[in-house]
A.B. asks: 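Structure incoming, see below.
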Amino acid sequence: MEHTNVHCLGNILKAARKSKGFTREIFAEMMGITPRYLSSLENENKKPSYDLLYRLIRKLGISADMVFYPESESTSGEIEQLTRMLSLCDQQDLNIVNATLTAILDNKAQAKAV
């Protein structure tokens, strides 16, 4: 974790926790840590253990890239959200999504050609 911007980590964790609607107390209990320790991670640049970091990332549904490569932010949170949703699809769902995207891109290409 020494290459990680820990201040950034705290902000990422706090924003993700709040976006999920978790209070500090509830989320700390879910993670098996004290609210004070969670506060120190979010506000005081404390470094979590690898195990805890892994669990935080998974529980909050944030991209590990946000933590380890904060300088190269995603062009869109929507892309990450779509990726997560696609991982929940079965093969039939993926075939439908693929066909839909192909049609959208084909229409764009045809519109540019005109």
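Note that the coordinates shown come from a computational prediction; the quantities given were computed from them, not determined experimentally. Because only heavy atoms are used, hydrogens play no part in the values below, and waters and symmetry mates are left out as well, while side chains stay in.
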A.B. asks: Give, for atom NZ of K59 and atom CE of M30, the distance between the pair rounded to the nearest 0.5 Å.
C.D. replies: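 Rounded to the nearest 0.5 Å, the NZ-CE separation comes out at 4.0 Å.
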
A.B. asks: Enter the distance from R84:CZ to L82:CG here, rounded to the nearest 0.5 Å.
C.D. replies: 9.5 Å

A.B. asks: Surrounding CD of E44 (heavy atoms of other residues, nucleotides or ligands, distance under 6.0 Å), is the total greater than 12?
C.D. replies: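 Yes, enclosed.
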
A.B. asks: Is there a side-chain contact (heavy atoms from CB on, under 4.5 Å) between L56 and V67? Walk through the geometry before answering.
C.D. replies: CA-CA 11 Å; L56 290 166; V67 173; over 6 Å; no

A.B. asks: So how far is it from S39 OG to E25 CD, rounded to the nearest 0.5 Å?
C.D. replies: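 Rounded to the nearest 0.5 Å, the OG-CD separation comes out at 9.5 Å.
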
A.B. asks: Heavy atoms only: give me the nearest P48-L9 pair and the separation to one decimal.
C.D. replies: CD-CD2, 3.8 Å

A.B. asks: With distance as the sole test, does R24 use its side chain to make a donor-acceptor pair with the main-chain N or O of L38 at under 3.5 Å?
C.D. replies: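 No, the answer is negative, given that no donor and acceptor are paired below the 3.5 Å cut-off.
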
A.B. asks: Quick check for you: to the nearest 0.5 Å, what is the distance between L60 atom CG and R55 atom CZ?
C.D. replies: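 With rounding to 0.5 Å, CG (L60) is 11.5 Å from CZ (R55).
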
A.B. asks: Roughly how far apart are K18 NZ and T23 OG1, rounded to 0.5 Å?
C.D. replies: 11.5 Å

A.B. asks: Can you list the steps and then say if Q110 with D106 is a side chain to side chain donor-acceptor pair (under 3.5 Å)?
C.D. replies: CA-CA 6 Å; Q110 289 174 4; D106 287 348; over 6 Å; no

A.B. asks: Under 3.5 Å, is there a donor-acceptor pair between the side chain of D93 and the main chain of D90?
C.D. replies: yes

A.B. asks: Please report the closest heavy-atom contact between E42 and R17, naming both atoms and the distance.
C.D. replies: OE2-NE, 2.7 Å

A.B. asks: Could you measure the distance from the CD1 atom of I57 to the CD1 atom of I12? Nearest 0.5 Å is fine.
C.D. replies: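 Reported value, rounded in 0.5 Å steps: 9.0 Å.
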
A.B. asks: When you measure from the side chain of T100 to the backbone of I96, do you find a donor-acceptor pair of N or O atoms at a distance under 3.5 Å?
C.D. replies: yes

A.B. asks: Would you mind reporting whether L13 and F27 have side-chain heavy atoms less than 4.5 Å apart?
C.D. replies: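 No - every pair of side-chain heavy atoms lies 4.5 Å or more apart.
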
A.B. asks: Do V97 and M85 belong together in a cluster built from hydrophobic side chains that touch within less than 4.5 Å?
C.D. replies: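 Cluster IDs for V97 and M85 differ.
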
